[in-house]
Amino acid sequence: MRHESPSPSPRISFVVPVYGVEKFLGECLESLLAHPGDEIEVVAVNDASPDGCGAILDAFAARDARVRPVHLTANVGLGGARNAGLAQAKGDYVWYIDSDDWVPDGAVRAVLDRLALHNPDVLIVDHAEVFGDGTVVPRVSAGLLGDAPTPLHLSRRPELLRLAQSACTKIARRSFLEENGLRFHAGWYEDAAYSHPLLMAAGTIDVLDVVCYLYRQQTPGAITASVSDRHFEVFGQYQRVFDVMEKSGGALEQFRPALFRIMLDHYLVIIGHDRRLGQSMRKAFFRRIVEDYRRRLPDGGYLPPGGLGGLKHRLVRYDAYGAYTLLRLAHRLTSQRIAALRGSRTAAPALRLPVPTAGVVSVPRQRAETDAAVLDSTR
């Protein structure tokens with residue numbers, strides 16, 4: 001039975017860029033359309049996908065008027081497809097959904113209720129990562145808020161900048177996006193240049209401490225598993241972030257130390273990943289990190305991490321690439337040795353939670369993950 005079109009206008013516009021995800025697209029759309037109300041619409045952007053995604057979108061639209069396909073004639077990439085979807089959106093709020101992910105039952109209702117409570121500029125929701133073997137790893141956002149009442153301004157909790165950069169966990173008021181010209185830029189790591197300016201511009205930020213988004217990890221073709229010089233595009237994305245700060249006339253200067261550390265942590269995640277940079281690229285990438293360190297170091301300094309992370313920061317500070325490579329090698333050998341020793345014993349069981357498909361997942365308030373790896377949401 002065809003679902004009638006929403007009237008007068010939806011509360012949430014799901015913007016779903018679609019490319020090469022024929023295997024997963026149906027599950028994604030079904031999870032959104034499971035919400036029975038007319039408070040939603042799905043603006044699905046077929047980014048000239050070479051597989052059967054376009055036909056799948058048309059079939060869903062034929063049965064449910066809440067689905068509005070947008071078929072692009074040329075591939076524009078994830079950021080461009082999101083921008084194209086935003087231009088067609090009619091909802092009060094925009095929720096970007098990656099087409100190989102999904103939302104658990106009840107998530108849409110929980111988000112709608114929370115939006116109605118405070119009507120913030122931005123609502124951050126918790127998420128979980130779902131791996132192919134069924135392992136589910138929750139990522140906690142609300143723990144960073146402690147007992148602070150919400151909604152709030154970023155100046156009261158600048159540590160929110162340390163959350164995963166993903167656009168998919170940040171539901172934004174459409175008029176707020178329009179007023180501030182918040183769009184995605186071309187290139188990899190596009191969420192970095194969107195998420196941070198989004199939070200810095202928001203007058204009010206709210207947080208919903210339940211898992212409302214499920215990331216499918218290890219998707220075939222994920223860029224984090226692709227050795228490419230396109231990983232250098234991350235430098236341009238952070239240039240855009242700091243350009244926003246420079247143009248603010250000092251209004252955003254209070255966030256510089258936090259963003260500086262986030263930038264370094266993100267760079268170090270990328271250079272430390274075996275499946276992103278070839279050996280011939282690493283030295284040049286490290287030099288670019290050093291350049292950004294020297295250009296953007298806050299006048300009053302910043303608080304570096306402790307332990308191994310802090311050591312890496314110091315190696316960047318002193319442009320010590322040789323020492324960095326030795327540290328990386330020693331860490332790898334140590335990790336291999338530990339893994340071998342564990343292999344001779346009964347390993348501790350991995351976290352294997354039920355994949356949350358039958359209801360939103362409550363996450364107890366706790367200290368949020370602040371490891372650099374959490375920042376890196378590009379898959």
Side-chain angles (χ1 to χ4, degrees), residues 1-18 21 24-47 53-72 81-127 151 167-179 182 204 206-208 210-214 356-361:
M1 180 177 179
R2 180 178 169 86
H3 191 290
E4 295 302 321
S5 60
S7 177
S9 65
R11 182 67 166 161
I12 296 177
S13 293
F14 295 104
V15 172
V16 186
V18 177
V21 289
F24 308 115
L25 181 56
E27 182 180 9
C28 173
L29 296 176
E30 292 284 7
S31 74
L32 304 178
L33 298 172
H35 178 76
D38 287 339
E39 305 103 322
I40 68 166
E41 67 169 354
V42 179
V43 182
V45 182
N46 174 18
D47 191 17
C53 285
I56 293 173
L57 293 181
D58 289 340
F60 269 88
R63 86 178 204 212
D64 194 323
R66 295 177 298 173
V67 179
R68 295 198 290 119
V70 177
H71 295 283
L72 303 182
R82 285 172 172 171
N83 292 340
L86 175 61
Q88 299 296 323
K90 299 178 180 179
D92 298 320
Y93 283 85
V94 174
W95 188 352
Y96 294 106
I97 305 288
D98 285 349
S99 49
D100 53 349
D101 297 330
W102 72 103
V103 302
D105 290 347
V108 177
R109 181 74 269 160
V111 167
L112 285 167
D113 289 346
R114 189 70 181 192
L115 291 174
L117 184 63
H118 294 304
N119 289 303
D121 289 334
V122 178
L123 172 64
I124 302 173
V125 298
D126 281 322
H127 66 283
C168 301
T169 57
K170 300 173 183 69
I171 300 149
R173 189 161 48 82
R174 185 165 62 91
S175 60
F176 163 72
L177 296 177
E178 297 291 349
E179 291 163 6
L182 290 162
T204 53
D206 199 3
V207 172
L208 180 59
V210 295
V211 171
C212 292
Y213 193 87
L214 300 173
T357 57
V360 295
V361 179

Undergrad: Are R82 and D98 ion-paired here, with the side-chain N under 4.0 Å from a carboxylate O?
TA: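 Looking at R82 and D98, the cut-off is met.
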Undergrad: Which heavy atom in V108 sits nearest to a heavy atom in L32, and how many Å separate them?
TA: CG2-O, 4.5 Å
Undergrad: Side chain to side chain contact (heavy atoms under 4.5 Å, CB included) with V18: which of L29, I56, L57, D47?
TA: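 Between V18 and the candidates, side chain to side chain contact (heavy atoms under 4.5 Å, CB included) is satisfied uniquely by L57.
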Undergrad: Applying side-chain contact (heavy atoms from CB on, under 4.5 Å) to H35 and I12, what does each step give before you reach the verdict?
TA: CA-CA 11 Å; H35 178 76; I12 296 177; over 6 Å; no
Undergrad: Name the one of S175, P120, S13, P10 that satisfies side chain to side chain contact (heavy atoms under 4.5 Å, CB included) with Y93?
TA: P120
Undergrad: Carefully, step by step, assess D92 and L115 under the rule side-chain contact (heavy atoms from CB on, under 4.5 Å).
TA: CA-CA 10 Å; D92 298 320; L115 291 174; over 6 Å; no
Undergrad: Would you name the heavy atoms of R68 and A89 that are closest together and state the gap between them?
TA: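 So the two residues come closest at NH2-CA, 4.0 Å.
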Undergrad: Closest heavy-atom contact between L182 and L86?
TA: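 Looks like O-CD2, 4.2 Å.
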Undergrad: Between P104 and L214, is there a side-chain heavy-atom distance shorter than 4.5 Å?
TA: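 Side-chain contact under 4.5 Å: yes.
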Undergrad: Determine whether a donor-acceptor pair (N or O, by modelled atom type, separation under 3.5 Å) exists between the side chain of T204 and the backbone of D121.
TA: yes
Undergrad: Does S31 reach the main-chain N or O of V103 with its side chain, forming a donor-acceptor pair under 3.5 Å?
TA: yes
Undergrad: Atom CG in L33, atom CZ in R66: separation rounded to 0.5 Å?
TA: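 That separation rounds to 5.0 Å.
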Undergrad: Please report the closest heavy-atom contact between L123 and L208, naming both atoms and the distance.
TA: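 That would be CD1-N, 3.8 Å.
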Undergrad: Of all the heavy-atom pairs spanning Q88 and E41, show the shortest one and how long it is.
TA: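 Reported closest heavy-atom pair: O-OE2, 4.4 Å.
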Undergrad: Could you state the interatomic distance from CZ (F14) to CD1 (I97), rounded to the nearest 0.5 Å?
TA: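 Between F14 CZ and I97 CD1, I get 5.5 Å after rounding to 0.5 Å.
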Undergrad: Calculate, to the nearest 0.5 Å, the distance between atoms NE2 and CG belonging to H127 and D101 respectively.
TA: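 If we round to the nearest 0.5 Å, H127:NE2 and D101:CG are 10.0 Å apart.
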Undergrad: State the CZ-CG distance between R173 and N119, to the nearest 0.5 angstrom.
TA: 8.5 Å
Undergrad: Please report the interatomic distance CD1(I124) to OG1(T169), rounded to the nearest 0.5 Å.
TA: 7.0 Å
Undergrad: Say whether, by atom type as modelled, one donor and one acceptor occur between the side chain of W95 and the main chain of K170 under 3.5 angstrom.
TA: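 No, the answer is negative, given that no donor and acceptor are paired below the 3.5 Å cut-off.
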Undergrad: Under 3.5 Å, side chain of R174 to main-chain N/O of K90, donor-acceptor pair present?
TA: yes
Undergrad: Rounded to the nearest 0.5 Å, how far apart are CD1 of I40 and CZ of R11?
TA: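 With rounding to 0.5 Å, CD1 (I40) is 14.0 Å from CZ (R11).
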Undergrad: Measure across P17 and S99 and return the closest heavy-atom pair with its distance rounded to 0.1 Å.
TA: O-OG, 2.9 Å
